[in-house]
Asks: 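After the structure tokens below, expect a handful of questions from me.
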Amino acid sequence: MKTKEINRAFNSIIKEKKVKPIAKQSNKKRAFTIVELLTVMSIIIILMGLLAPAMNRVRRFARKVSQKNQFHSIDVAMELFRAEFDGYPNSGALDGSTPAGGVPYCGAMKLAEAMVGQDLLGFHPNSRFRADGTDGAGNVLYPFPGPPLLINLQARKEYYLQLENANAYKLNDIYPNIATSPFNGNRFVLCDVYTPVMNRNTGKKVGMPILYYRANTSNTRHDSADLPVPGNDKGQIYNYLDNNQLVELGKPWNPPPTGSNHTLFSDPTKFYGNTWNNKVSSMVRPYRVDSYILISAGFDGEYGTPDDVFNFGD
Ligand SMILES: [Ca+2]
């Protein structure tokens, strides 16, 4: 068939069937109806509702992995400290500056001092873990904010935990009520990787203090029915009082008396329940029976709740 005839036949088909040329068809766009739009939006909203909890779980899991990594870094640093000083840092609630026990200087602050020094310039080997930064014999070990010449950098140890990884903040940065507390607000604590707290001086988010408890390896008990009292640890391997005054400060964003206390403060038996290694059935034993326990308040920023993270377990 010749080209002319083909064209003629094609045109006659278009004319007969009233088929519109393709170019004309695509020029006319069809709009979505309201019903169609609402249907699509509903589907999207339902999908988002289904995905949001899963995304939350993923986010929480990722944060927990970060927290475990931070604990691992502290564990490595603590082994370096132990190798040098033949033991882990003391974690007692008081600083031992008087025969009666001294002033409050809890485990969390002693952990920070051991890892990076009381002024973030490194640990002083003559430290007796005193809140006043002296060695108890008239020598100032951490002379901040004194003249630079007094700062004894030569005597300091290298950081056991690199400052960049320490996440160290002053109590004053975290707690609004520190002025009325027994603590010196200029003392540092290591904070966890969660961010429920606003730094009161910089406005940036920081974590909650990591609680530190050292095992008393000469003791054998782990019994929530017979809690230690000041001056008597009741033979418990771990003493919940080591950080209790810090926990008593409450949640920085809503502290007592108007805000509620941490569950760990209201119910100290949680400390023993949460650190109990129930794989050991012959007697009640804690995890990490011969070293130390670290506690992060977890996603909710509250100590003593199920989302707390420890330096043991999953
Ligand atoms: Ca918690």
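Numbers here are sequence positions counted from 1.
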Asks: Tell me, yes or no, whether the heavy-atom count around Met283 atom CE, taken from other residues, nucleotides or ligands under 6.0 Å, exceeds 12.
Replies: yes

Asks: Give a yes or no on whether the backbone of Tyr105 and the side-chain of Lys110 come within a donor-acceptor separation of less than 3.5 Å.
Replies: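 A pair under 3.5 Å: yes.
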
Asks: In terms of heavy-atom contacts, does CG of Leu47 have more than 12 from other residues, nucleotides or ligands at under 6.0 Å?
Replies: yes

Asks: In this structure, would Leu249 and Val103 fall into the same cluster of hydrophobic residues linked by side-chain contacts under 4.5 Å?
Replies: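 Different clusters.
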
Asks: Quiz question: by atom type and distance under 3.5 Å, do the side chains of Gln67 and Gln70 form a donor-acceptor pair?
Replies: yes

Asks: For residues 40-57, which residue pairs qualify under side-chain hydrogen bond (donor to acceptor under 3.5 Å, both in side chains), counting only residues two or more places apart or in two chains?
Replies: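 Applying side-chain hydrogen bond (donor to acceptor under 3.5 Å, both in side chains) to every pair that reaches into residues 40-57, excluding sequence neighbours, yields Asn56-Arg59.
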
Asks: Assess the side chains of Glu113 and Tyr142: does a donor N or O sit below 3.5 Å from an acceptor N or O?
Replies: yes

Asks: Does a side chain donor of either Asp300 or Thr305 reach within less than 3.5 Å of an acceptor in the other side chain?
Replies: yes

Asks: With ring centroids as reference points, do Tyr175 and Phe183 lie under 6.0 angstrom apart?
Replies: no

Asks: Using side chain to side chain contact (heavy atoms under 4.5 Å, CB included) as the criterion, list what pairs up with Ala108, not counting sequence neighbours.
Replies: Cys106, Val189, Asn243, Leu246

Asks: Identify whether Val284 and Tyr272 are in the same connected component of the hydrophobic contact network (ILVMFWY, side-chain heavy atoms under 4.5 Å).
Replies: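 No, separate clusters.
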
Asks: Side chains of Asp242 and Ser91: do they bring a donor and an acceptor to under 3.5 Å?
Replies: yes

Asks: Under 6.0 Å between ring centres: does that hold for Tyr240 and Phe271?
Replies: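 Between Phe271 and Tyr240, which both carry aromatic rings, the centre distance is not below 6.0 Å.
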
Asks: Hydrogens and angles aside, do Asp308 and Asn274 bring a side-chain donor and acceptor to less than 3.5 Å of each other?
Replies: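 No, because no side-chain N or O of Asp308 sits under 3.5 Å from a partner of the opposite role on Asn274.
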
Asks: Only pairs at least two apart or in different chains count here, so list each side-chain hydrogen bond (donor to acceptor under 3.5 Å, both in side chains) that has a residue in residues 202-214.
Replies: Asn199-Thr202

